[in-house]
> 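There's a structure below that I have some questions on.
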4 protein chains.
Amino acid sequence: MGAVKTKRMPRAVREQQMLDAAVRTFGRRGYMAASMDEIAELAGVSKPLVYLYLNSKEDLFTACIRREAAALTEAVRAGVRREAPADSQLWEGLGAFFTHTAQNPDGWAVLHLQARTHGEPFASEVAAMRAEIVAFVTQLILAAAREAHRDPDLPESEVAGLAEALVGAAEALADWANATPGVTAREAAATLMNFSWSGLGNLMAGRPWSPPAGAQPVAAHEVSG
Amino acid sequence: MGAVKTKRMPRAVREQQMLDAAVRTFGRRGYMAASMDEIAELAGVSKPLVYLYLNSKEDLFTACIRREAAALTEAVRAGVRREAPADSQLWEGLGAFFTHTAQNPDGWAVLHLQARTHGEPFASEVAAMRAEIVAFVTQLILAAAREAHRDPDLPESEVAGLAEALVGAAEALADWANATPGVTAREAAATLMNFSWSGLGNLMAGRPWSPPAGAQPVAAHEVSG
Amino acid sequence: MGAVKTKRMPRAVREQQMLDAAVRTFGRRGYMAASMDEIAELAGVSKPLVYLYLNSKEDLFTACIRREAAALTEAVRAGVRREAPADSQLWEGLGAFFTHTAQNPDGWAVLHLQARTHGEPFASEVAAMRAEIVAFVTQLILAAAREAHRDPDLPESEVAGLAEALVGAAEALADWANATPGVTAREAAATLMNFSWSGLGNLMAGRPWSPPAGAQPVAAHEVSG
Amino acid sequence: MGAVKTKRMPRAVREQQMLDAAVRTFGRRGYMAASMDEIAELAGVSKPLVYLYLNSKEDLFTACIRREAAALTEAVRAGVRREAPADSQLWEGLGAFFTHTAQNPDGWAVLHLQARTHGEPFASEVAAMRAEIVAFVTQLILAAAREAHRDPDLPESEVAGLAEALVGAAEALADWANATPGVTAREAAATLMNFSWSGLGNLMAGRPWSPPAGAQPVAAHEVSG
DNA sequence: TATGAATGAGTGTTCATTCAT
DNA sequence: CATGAATGAACACTCATTCAT
């Protein structure tokens, strides 16, 4: 199952192989239960090489967190057209988010489960990424208020709480979609848009949210597949 | 800080002391980083006694999960008047939930962080509790539809997704409230009710949700205290 | 060659067994080349027990140094009659010193070779013991001057240097006596008394130093053996 | 602080750079704690080159011992006028010895501390050099006896012991002088001449040894500098 | 000549777990 | 009922050493 044993690779390539193996192992076993032996074997290299390139288990885990956090935020960023209306941006962002977490379950487990469970310095590493996302959602909510020609008389902390709730819901739905066969990224995004934009009250009243024309909730290749 | 060393306690009492120590240690250090030595010392007993009563680290952790899961579900159950309208029940349940998680941060960490991060058999143990809560919320949503005199033409899986989203949002807000000084259980519950019941769209339109008369968002003793 | 495997010893006894094994191993292999595995095996216990009782390799080595330093200074102290003339005291002290180092070659190696070669905190540990001995010799030299009814117009630092030289000569002769079959502690002591008390010049002139009546250069049992 | 990285040096030069780095590292860290990585980096070359030129860590250390032993004996030899009286030769030899050890503390540490502490084959390597010095001192003592027109009725082994004592005292004083600010090589030599030539007894009687006219206790360039 | 890439073997240390009392 | 004494098994980490280029 490990990578084919190829010898004499340039350092950059080997490092990525190691990070791949580490993300997979950390994501499945957890930070402490993962052994450097197992990671090295899965990467197809000897343990000393892992230490030569990545210094320590702690540094290796931190590198995993950073790489996966960057990949996730980049995926969301790339999926959102910043000039679109607020609900379109949210719809697109959620689509990109659920698509990415579905395609990278181990990376998602590292970020969402493992990094938060093993104290400093890992927790703050992933907290920084999460804060970035929460800030983005907060801006979206304020933009929606502006678009509705309303002063956001909601206090700051109230908006922060709403953004937290939305992000938390998205995280839970990502786990749920990964664990429930047959639920696509698009469906998860639609469920969350309905929930968050219309609210349960409106849903009950028969007024669901519907995707704006032209919004792209998931990557093109996913739709065609 | 450990329990005062008293001799000859009845078994049930000793066991609770051990579970107290274990929940605290597991919640703060994590499952793997917690050592049986530390737990035994914190409980004020010798290590062999922990093994005599609780068999193994795995069994001890499982016992922690079960006890904390039971305590949490019981707290929510006790906070909800089952004959009240759906939104009242949700409001009361959320109040009870945020109150309990705020008062039991270690137990909440065991359930929400540690138990889910260390594979089987712990993950399914806590998944069972979570499924129970999700099922309760699902029933609430269906009841709300009935109260609104609408057939729930929403497909089953759609409702399940909504319930997952709501529960996920609640979990995130519990962490947020615990980490943000000055946010009370009542405020967290109100934020989530607004978010989930009215939806962001209605909030923007100036139609927030407001607590029904007679609903108790938090346990009575909390209000009086 | 290891101690007979006896089970369930009281802690104090086991600790001495471990120190015995450690002194022997450190003395022969050196601090770094000695492995905790080897020490544990030689002591007839498992490695975790060594750690349980003695904490770390560093602490174990420090404990060895302290025990051997205490034993050596105690042996010298016990061999010297403090009310005797200065040269008698030196003669007795040297006898005790050479006897002890001959009977404890591993302990002597720990003190004289290993502890000084591996930096702090070991070096200062043994330096303290050595300083004590140098101070004792310094007092002896000053006492000799007083006995000769001379003001010691030798400057302080000069006397310190003489004491250093005498102690250094004793250390070298201890190694030499241990390495040269047939050289007894008594002979080594006599050689050094001649060298230091009479000086080469006097020896050449046919005026060697001779042991004062009643002085005991070596332990009684050694003489009879 | 390492040598400037210059390419294409002749082999002999590169080898000396490596030995310089090795002596410094071995002298400060000890044989086992010194890593080939550190030595290579300090020498400004890659690790394989060190192995190409010097074969192994053991061989490298042996080469260090040999070079430093040769340098020390050569320094002493160069400082002594072989046709002078015995005490002059000793005085000059000691001066050269203390000067050299003060100027080469790392080399002295290698010879006096490290090489003797790590077993064969290093111990016998340095023992050979030491034996040479002891033999030289033995000859000096016998020559002094001849000069005093006395048959050395001292037995061979007695003279050997005296030489051992003198050399041991010199070694200890070298360490002492290096560790004690303000003690010069000349003072150390004078102290040891007094101690060994006159003896404590004569010192007490007010008959110290005094340097013969024309004797050179330290290298000429030191005096002028 | 010179080196970046790579590893086998071993180190100190920890921990869950079990006896004998 | 309760514990001091003890260990098998594993883990993170390091280092001398060697290829392939």
> Rounded off to whole Å, could you give me the CD1-to-C1' distance for the A/Ile39 and F/dC11 pair?
12 Å

> Looking at D/Tyr31, does the NZ or CZ of D/Lys57 lie under 6.0 angstrom from its six-membered ring centre and within 45 degrees of the ring axis?
yes

> Looking only at the side chain of A/Arg14 (C-beta and beyond, no hydrogens), which of the listed nucleotides E/dA2, E/dA6, F/dA2 gets closest?
E/dA6

> Under the side chain to side chain contact (heavy atoms under 4.5 Å, CB included) rule, what do C/Leu113 and C/Trp108 come out as? Steps first, then yes or no, please.
CA-CA 8 Å; C/Leu113 288 180; C/Trp108 174 239; over 6 Å; no

> What stems, by residue range, does DNA chain E take part in, given at least 3 consecutive Watson-Crick or G-U pairs under 3.5 Å?
E:2-21 with F:2-21

> Without decimals, in angstroms, what is the distance between C/Leu49 CG and E/dC15 C1'?
14 Å

> Heavy-atom nearest nucleotide on DNA chain E for A/Pro10 versus D/Leu52: which residue maps closer to 5'?
D/Leu52

> In a table with atom names and distances, give each donor-acceptor pair under 3.5 Å that connects a side chain of residues 58-65 of chain A to protein atoms at least two apart or in another chain.
unit_1, atom_1, unit_2, atom_2, d
A/Asp59, OD2, A/Asn55, ND2, 3.4
A/Thr62, OG1, A/Glu58, O, 2.9

> Within the pair C/Tyr53 and F/dA6, is there a side-chain N or O less than 4.0 Å away from OP1 or OP2?
yes

> Which part of the nucleic acid, if any, lies within reach of D/Arg11 when heavy atoms closer than 4.0 Å are counted: base, sugar-phosphate only, or nothing?
nothing

> Tell me: CD of D/Glu38 to C1' of F/dT14, nearest whole Å?
14 Å

> Taking only residues two or more places apart in sequence or in another chain, which ones pass salt bridge (Lys or Arg N to Asp or Glu O under 4.0 Å) with D/Arg130?
D/Glu164, D/Glu171

> What integer distance in Å separates A/Asp59:CG from F/dA12:P?
14 Å

> Take the protein atom CZ of B/Arg29 and the nucleotide atom P of E/dC15, then report the distance between them rounded to whole Å.
10 Å

> What pairs with C/Tyr51 under ring-ring contact (aromatic ring centres under 6.0 Å, His included), at least two apart in sequence or on another chain?
none

> Take the protein atom CD of D/Glu41 and the nucleotide atom P of E/dA2, then report the distance between them rounded to whole Å.
18 Å

> Would you verify whether the NZ or CZ of D/Arg116 falls within 45 degrees of the ring axis of D/Phe122 while also being under 6.0 Å from that six-membered ring's centre?
no

> Report, as a single string ordered 5' to 3', how protein heavy atoms within less than 4.0 Å touch nucleotides 15-21 of chain F: B base, S sugar-phosphate only, - not at all.
BSBBBS-

> Please give, in whole Å, the distance from E/dA16 P to B/Leu54 CG?
14 Å

> Do the charged groups of D/Glu38 and D/Arg29 touch, with an N to O distance under 4.0 Å?
yes

> Is the D/His112 to C/His112 ring centre distance short of 6.0 Å?
no

> Just to verify, what does B/Arg67 make a salt bridge (Lys or Arg N to Asp or Glu O under 4.0 Å) with, not counting sequence neighbours?
B/Asp20

